[in-house]
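A short write-up of the structure that comes next.
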Amino acid sequence: MPMPRDMRKQNPVNDTALLEDALRAYLNRRCRRAYAHDLRNGLQGIFGGVDALTRAARALKPMAVPLEQVIQFVQQAISNHERGLERVLESMAPEQQVAAEICLRELLTELARFLTNDAARNNVRVRMDFSDDIKVTALVSKVRLITLGLLAESIDAMTSGGELRIAGRTVDSRVQFEITDSRPQPRAKSFITEAIQHVVKELSGHIESNPTASGGNQVRVELPVA
């Protein structure tokens, strides 16, 4: 049953938690294909290693690649797949965390790679432009929620193709990162934008969205430096 409006006003912390949970649930559904692709990539390495072991067991003469090397490859593929599973689980249902130093350049690059197939499906080109690592100290799950939400929203707004530019820099005691896209329509207010605003505010950050001179949109997020 929906929470009465007067109760929501008296419980802003609960409001933010509900919005954050709802945003995470939405992104889990939205990124289902991307998660599945990540998991399949891990399995392909394991399948390749098992196939090599099978051929080695049936071979009547020594293989060109030593058996020990094939075994190491299989072990590495299994370890990579386990790490991939951990990333997926942590994204879908993060455990309680403490604040840690985060390299936003690495995180945004990783998420752009994660959404590569989604971008390709919409014929969206992605460009990166970072002047430094832009590090912050915060909860990884919350920062990831913000960045993944913004990237997915931009890609989904360019169904007929376009360009997505991700940039970042450190300015004084704040880090800034920008996500600029060439969407054909103005950025509309939605549950997603509202939820992201709440999470950014919870991290003592600031977010603003403005149309670009060419008709697209730019979102700028500022967070305290690490």
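Hydrogens, waters and symmetry mates are skipped; everything else that's a heavy atom, side chains included, is used.
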If every non-hydrogen atom of [X] is compared with every non-hydrogen atom of [Y], which pair is closest and at what distance?
| X | Y | value |
| --- | --- | --- |
| P184 | A157 | CD-O, 3.6 Å |
| P224 | V175 | O-CG2, 4.5 Å |
| A112 | L151 | N-CD1, 4.2 Å |
| P211 | N217 | N-OD1, 4.0 Å |
| I207 | Q197 | CG2-CG, 3.8 Å |
| E194 | L19 | OE2-CD1, 4.3 Å |

Interatomic spacing from [atom1] in [X] to [atom2] in [Y] - rounded to 0.5 Å:
| X | Y | atom1 | atom2 | result |
| --- | --- | --- | --- | --- |
| I166 | R127 | CD1 | CZ | 10.5 Å |
| L223 | Q176 | CG | CD | 10.0 Å |
| C31 | R24 | SG | CZ | 12.0 Å |
| I134 | C103 | CD1 | SG | 7.0 Å |
| D156 | R121 | CG | CZ | 10.0 Å |
| I196 | S190 | CD1 | OG | 7.5 Å |

With a 4.5 Å limit on heavy-atom distance, are the side chains of [X] and [Y] in contact?
| X | Y | answer |
| --- | --- | --- |
| E222 | E208 | no |
| R169 | E178 | yes |
| D118 | V124 | no |
| F130 | L104 | no |
| Q218 | N210 | no |
| L150 | V221 | yes |
| T212 | S182 | no |

Look only at the side chain of T193 and the backbone of K189, and say whether a donor-acceptor pair between them is shorter than 3.5 Å.
no

Pair D181 + R187, salt bridge at N-O below 4.0 Å
no

Is any side-chain N of the basic residue among R30 and E153 closer than 4.0 Å to the acidic one's carboxylate O?
no

Is the CZ atom of R33 crowded by more than 12 outside heavy atoms at less than 6.0 Å?
no

Transitively linked via ILVMFWY side-chain contacts under 4.5 Å: [X] with [Y]?
| X | Y | value |
| --- | --- | --- |
| V171 | I179 | no |
| L139 | L107 | no |
| F177 | V225 | yes |
| F191 | I155 | yes |

Could you walk me through whether V126 and L115 satisfy the side-chain contact (heavy atoms from CB on, under 4.5 Å) test, starting with their C-alpha distance in whole Å, then the side-chain angles of each, then the deciding distance to 0.1 Å, before giving a yes or no?
CA-CA 10 Å; V126 179; L115 294 171; over 6 Å; no

